[in-house]
Protein chains: 2
Amino acid sequence: MRSTAAEDYVKAIYHHTEWQPEPVTPSQLATRLGLANSTVTEMVKKLAAAGLVHHRPYGAVELTPEGRRLAVRQVRRHRVVETWLVERHGYEWDEVHDEAEILEHALSDRLLESIAASLGDPERDPHGDPIPAADGTVRRPDAVLLADAPAGHEGAVVRISDEDPAMLRFLADAGIALDARLTVLGVKPYSGSMQVRALRGTVDVGPDVARAIWLAA
Amino acid sequence: MRSTAAEDYVKAIYHHTEWQPEPVTPSQLATRLGLANSTVTEMVKKLAAAGLVHHRPYGAVELTPEGRRLAVRQVRRHRVVETWLVERHGYEWDEVHDEAEILEHALSDRLLESIAASLGDPERDPHGDPIPAADGTVRRPDAVLLADAPAGHEGAVVRISDEDPAMLRFLADAGIALDARLTVLGVKPYSGSMQVRALRGTVDVGPDVARAIWLAA
DNA sequence: GGCATGATTTCGGCATGCCGAAAAAACTGC
DNA sequence: GCAGTTTTTTCGGCATGCCGAAATCATGCC
């Protein structure tokens with residue numbers, strides 16, 4: 001039970017608790033993985049038998065220490081590959097996800113570490129997500145979700161969720177990239193969108209976008 | 001029917017006819033792939049249905065033009081990856097095979113070509129095997145199997161079979177590498193081994209080795 | 001020509017991952 | 001507290017690849 005499928009499941013579980021720590025339900029997992037609920041239930045049972053997750057029937061799913069280790073390892077692999085694709089192979093940051101999704105299961109540890117070393121052992125990936133160290137250590141920057149930032153808050157963009165490639169392109173066009181300094185001007189009443197000042201000018205961002213961007217605290 | 005398994009089968013079939021053109025039998029395929037005969041028979045039937053091979057029951061297996069295209073593509077991928085591992089990641093030439101075997105199925109065309117370009121589009125891999133071009137063109141050097149070379153023949157090593165990593169290490173120790181100049185001194189009667197002069201001195205090579213080395217014709 | 005031997009194929013089975021439909025449990029609002 | 005909805009689980013099924021055992025074919029030898 002150390003298949004690529006298992007790696008994908010624990011990574012998805014880990015992913016869910018990485019930036020907002022709530023337990024994950026099977027159906028949320030199914031949505032994220034694009035699988036049927038029944039499939040997830042079955043697989044979770046196998047993962048539990050393999051000691052990678054805790055799960056009581058009809059309850060949420062949580063990683064065991066061992067499952068967490070595997071997940072962190074997988075996250076490291078994914079983000080190292082993404083960084084490598086962008087820095088060495090001319091990929092745009094919205095193009096790397098699918099390729100990394102496959103490669104993270106295919107590279108040996110030796111090759112992965114060689115690639116990481118050739119990049120200078122980076123600590124964050126092109127979206128600002130922290131890259132866990134080879135020993136499993138994770139350093140996460142203090143950050144506030146843009147949607148939760150009060151008016152007047154100012155800070156550099158520390159992370160942009162890689163969930164939606166189209167959004168990544170929209171943000172790139174709007175001049176909002178990693179390390180850009182943003183100032184929260186306020187929420188427009190009833191529209192649900194926020195006004196934000198970037199270097200290039202003022203931008204209105206909808207709630208989806210405001211929940212995809214993290215600012216330095 | 002374009003699975004990684006299918007890619008492995010057509011590659012194995014192609015491989016067999018690359019340096020000595022004889023048809024492949026299912027059992028030879030099974031041996032090379034490390035599978036049961038029955039498994040190969042079943043898979044060959046599926047490959048035939050998919051138009052990748054010709055096969056009449058109880059007969060040999062041959063690639064269709066389409067199967068050959070797929071095989072050549074796969075060979076290119078494998079050899080580009082091997083070259084990359086040796087040149088950029090400090091692998092020894094006897095260590096690359098397993099990693100390449102996995103990676104050749106996982107890289108996108110885009111990434112593979114980017115890697116090939118970064119290597120200067122090499123035309124042969126660390127063992128001397130020709131790397132097919134991206135368009136499927138294969139250039140093969142004129143070569144004689146050491147075992148078939150007459151006494152007195154002299155020529156550079158053009159290719160060393162990558163079948164047996166232990167043999168590759170033995171040869172490296174003996175100073176026999178790609179491009180080394182060898183002279184065939186003759187066959188030792190009854191022992192079945194050949195005497196060969198290399199730069200570093202005279203070496204006795206057994207029949208296995210003599211069938212793994214090709215010299216420039 | 002007949003027959004033994006070895007290669008090939010057929011057959012039932014197994015493991016992994018996936019699905020949809022139906023049953024069971026858990027929440028919800030009133 | 002209870003009925004309706006939603007979530008989770010169970011169940012039968014399917015596809016891919018693999019296996020060993022048994023049946024079938026091909027071939028060479030006498």
Side-chain angles (χ1 to χ4, degrees), chain A residues 1-17 22-63 67 70-71 74 98 101-106, chain B residues 1-17 22-63 67 70-71 74 98 101-106:
Chain A
M1 206 56 214
R2 267 304 124 95
S3 58
T4 72
E7 291 168 356
D8 284 337
Y9 279 81
V10 293
K11 201 183 58 172
I13 297 165
Y14 177 84
H15 197 96
H16 191 266
T17 59
E22 287 146 36
V24 96
T25 65
S27 54
Q28 288 172 314
L29 269 183
T31 304
R32 164 155 287 140
L33 293 166
L35 299 173
N37 286 358
S38 54
T39 304
V40 171
T41 298
E42 284 175 341
M43 197 61 178
V44 163
K45 219 187 322 180
K46 291 177 195 166
L47 295 175
L52 296 172
V53 304
H54 290 303
H55 178 242
R56 332 175 301 292
Y58 298 97
V61 184
E62 268 168 309
L63 293 172
L70 182 58
Q74 220 45 40
D98 294 352
E101 202 59 38
I102 295 172
L103 247 41
E104 64 177 284
H105 302 296
Chain B
M1 206 53 215
R2 266 304 126 94
S3 58
T4 72
E7 290 169 356
D8 284 337
Y9 278 82
V10 293
K11 203 183 58 169
I13 298 165
Y14 177 84
H15 198 96
H16 192 267
T17 60
E22 287 146 35
V24 199
T25 65
S27 53
Q28 288 172 312
L29 269 183
T31 303
R32 163 155 290 140
L33 293 167
L35 299 173
N37 286 357
S38 55
T39 304
V40 171
T41 298
E42 283 174 343
M43 196 62 177
V44 162
K45 220 189 318 183
K46 291 177 194 165
L47 295 175
L52 296 173
V53 305
H54 291 303
H55 178 242
R56 332 175 300 292
Y58 299 98
V61 183
E62 268 167 310
L63 292 172
L70 182 57
Q74 219 45 40
D98 293 352
E101 200 60 38
I102 295 172
L103 248 41
E104 64 177 287
H105 302 296

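In the text below, chain A, chain B and the rest are named by the order of the sequence lines, each starting its count at 1. Please read all numbers here as calculations on a predicted model, not as lab measurements.
Between Met1(B) and Leu47(B) the shortest heavy-atom distance is CE-CD2, 4.1 Å.
Between Arg56(B) atom CZ and dA7(C) atom P there is a gap of 18 Å when expressed in whole angstrom units. One interatomic measurement links the two molecules: CG of Leu29(A) to C1' of dT9(D), which rounds to 15 Å at whole-angstrom precision. Spacing between atom CD of Glu7(B) and atom P of dT16(D) amounts to 15 Å, rounded to whole angstrom units.
Residues from residues 43-51 of chain B with heavy atoms under 4.0 angstrom of DNA chain C, sorted by number: Lys45(B).
Closest-nucleotide positions on DNA chain C for Thr4(A) and Pro57(A) were compared, and the one nearer the 5' end corresponds to Thr4(A).
The shortest side-chain heavy-atom distance between Thr17(B) and Glu62(B) does not fall under the 4.5 Å cut-off. Contact check for Leu52(A) versus Glu7(A): no side-chain heavy atoms found under the 4.5 Å cut-off. Looking only at side-chain heavy atoms (C-beta outward), Lys45(A) and His55(A) stay at 4.5 Å or farther from each other. For the pair Val40(A)/Tyr9(A), a side-chain contact is recorded, criterion being any heavy-atom separation below 4.5 Å from C-beta on.
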Please list, pair by pair, any protein nitrogen or oxygen found under 3.5 Å from a nitrogen or oxygen in nucleotides 19-25 of chain C.
residue	atom	partner	partner atom	Å
dC19(C)	OP2	Ala36(A)	N	2.8
dC19(C)	OP2	Thr39(A)	OG1	2.6
dC19(C)	N4	Glu42(A)	OE1	3.4
dC19(C)	N4	Glu42(A)	OE2	3.4
dG20(C)	N7	Ser38(A)	OG	3.3
dG20(C)	O6	Ser38(A)	OG	2.9
dA25(C)	O4'	Tyr58(A)	OH	3.4

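Regarding contacts with the backbone of dT7(D), every side-chain N or O of Thr25(A) stays at 4.0 angstrom or more from both OP1 and OP2.
Looking at heavy-atom distances under 4.0 Å, Thr41(B) makes contact with a base.
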Given the rule in the side chain to side chain contact (heavy atoms under 4.5 Å, CB included) test, do Glu101(B) and Lys11(B) qualify, once you have shown the distances and angles that lead to the verdict? CA-CA 11 Å; Glu101(B) 200 60 38; Lys11(B) 203 183 58 169; 2.9 Å; yes
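Not a single side-chain hydrogen bond (donor to acceptor under 3.5 Å, both in side chains) links Ser3(B) to another residue, sequence neighbours left out.
Side-chain atoms of Gln74(B) come within 3.5 Å of backbone atoms of Glu104(B) as a donor-acceptor pair (strictly under, hydrogens ignored).
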